[in-house]
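Reminder, nothing fancy here: chain letters follow the sequence lines and each chain counts from 1.
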There are 2 protein chains.
Amino acid sequence: MATDSVSPPGPRPTLRERKKQRTREALVDTALRLFTQRDFDSVTLDELCDRVEVSKRTFFRTFASKEEVAMAPYEDMWKAFIDELETRPVDAKRSILQVLQDAVLAAMRTMNTGDWAHRLLSCTRLAGRTPAIEAHCLYFCGVTVRAALDVLHRRFGLDPHDLRPRLALDILAAAFHRALETWADRPQDPTVEHLATDTLAAFAAIPGSLTLTGVAPADQGG
Amino acid sequence: MATDSVSPPGPRPTLRERKKQRTREALVDTALRLFTQRDFDSVTLDELCDRVEVSKRTFFRTFASKEEVAMAPYEDMWKAFIDELETRPVDAKRSILQVLQDAVLAAMRTMNTGDWAHRLLSCTRLAGRTPAIEAHCLYFCGVTVRAALDVLHRRFGLDPHDLRPRLALDILAAAFHRALETWADRPQDPTVEHLATDTLAAFAAIPGSLTLTGVAPADQGG
DNA sequence: ACCACCTTGCCACTGAGTGGCGATTGCTTT
DNA sequence: AAAGCAATCGCCACTCAGTGGCAAGGTGGT
């Protein structure tokens, strides 16, 4: 599933698939570079395809939309997250939310090939200033959450009508997005370990967010 | 702000604006009807504009996209929510999350003109089966959350670097979306009071979602 | 070496969204 | 009440994302 991570294991993919893979990576790399240098909207798909020397028809066989190529590193991580949730041993002692936290942390650490962190940084900043990309990103996250909910039901025997597992997933997504925001604001070179740190910090802030009260300054009360 | 709600107060809008308003409502009504009868994608804007007898140019002066006209009832409620958050008296005894809950409940009750509940039901179900609409909906919700965060900072004197208020807003959005889902599945005629009930139920499930544990059925552990 | 098939490239097409400009409509001032 | 003003509307032409069809080329198996 995680198209960029699992290269070492497996009986070596066929040549045809490796070619496809190289095209995909070239498209993502070039797209992120062009979209970052100029604007997302001002770069046409024709131009991107010219650079990579690929027809527009081929582009749409690899990605479903212009937005998707920009969010590929982000999507790859969510796919790895589903894999983790599916395969990770169950520990009945940990709460669902803790299990989810373990799975995201594990997922981001499987992405440690090449400069995934740099690409994720590019697409995070891109999403922050491009409505179309942000919308696509949130939609994809929603789809992933529904897939994860299925896994939770299957592996942890939960009531399908219970709102709590779904809320836990929504809270996970929210915390991770806050972590991405914090991480993308760091001035240093992006690393997976910093992202892990920021993710833990965001999770740690969750309980307090339910009980937090305001301080009601000199502002009039109505 | 809430384009559909505040009709009674105000010194009667100018005729020109009322005409504009009627065009807007005709577009929303017809769009929801057509999108529900057939598919969102199979209804072209040209067709919609023909029905309402409005040029496509005018459509785009009223709505920013094809998706927006379908989500107008939903967006109107969020705009009313911002208004409530802005004007509601502050009660230092209640937590931020409780304040937010009060504001959504109040917002949906201001929408009690005409059959807003029916329109909201249509667009909720539409969003559930149309990726483009769901994406737009989530993006709009994100923009609203950022606007609400500004209000919280201004009125409740919170630290701009504190993650907790933002997380509280994300959790609010998640709970409300769960409530919408539950509400849209009800077989009866949609009412605002049922939506309020489902919203309270979703909020009540939040604390439990942080501590919930699985039951680890006969499923193997790895 | 040959065949079957997957993949690619090209072409033409639909439909969303934008900008310009002249015409119309509602508001205002004298 | 008439004229002047500004906002709005409708029409036209255009760009660009995304899709389907079909022929040509490369790939894997025999």
Spacing of A:Arg18 atom CZ relative to D:dT27 atom P, expressed in whole Å: 11 Å
Over all atoms of both residues, closest heavy-atom pair of B:Val104 and B:Trp78: CG1-CZ3, 4.5 Å
Working for side-chain contact (heavy atoms from CB on, under 4.5 Å), residues A:Arg178 and B:Asp170: CA-CA 10 Å; A:Arg178 283 332 108 218; B:Asp170 288 333; 3.1 Å; yes
Length of the line joining A:Arg22:CZ and C:dT8:C1', which is rounded to integer Å: 16 Å
Pair A:Arg154 + A:Glu86: basic N to acidic O under 4.0 Å: yes
Parallel, tilted or perpendicular, as decided by the 30° and 60° cut-offs, for the rings of B:Phe35 and B:Phe40: perpendicular
Residue B:Lys20, side-chain atoms from C-beta onward, closest of D:dT8, D:dG10, C:dG9: D:dT8
Option passing salt bridge (charged side-chain N to carboxylate O under 4.0 Å, His left out) with B:Asp29 (candidates B:Arg24, B:Arg119, B:Arg51): B:Arg119
Contact pattern, 5' to 3', of nucleotides 15-23 of chain D - B, S or - by protein heavy atom under 4.0 Å: -SSBBBB--
Separation of D:dT8 P from B:Gln21 CD (nearest whole Å): 13 Å
Distance below 4.0 Å between B:Ser55 side-chain N/O and D:dC11 OP1 or OP2: no
Side-chain heavy-atom pair A:Lys79, A:Ile82 within 4.5 angstrom cut-off: no
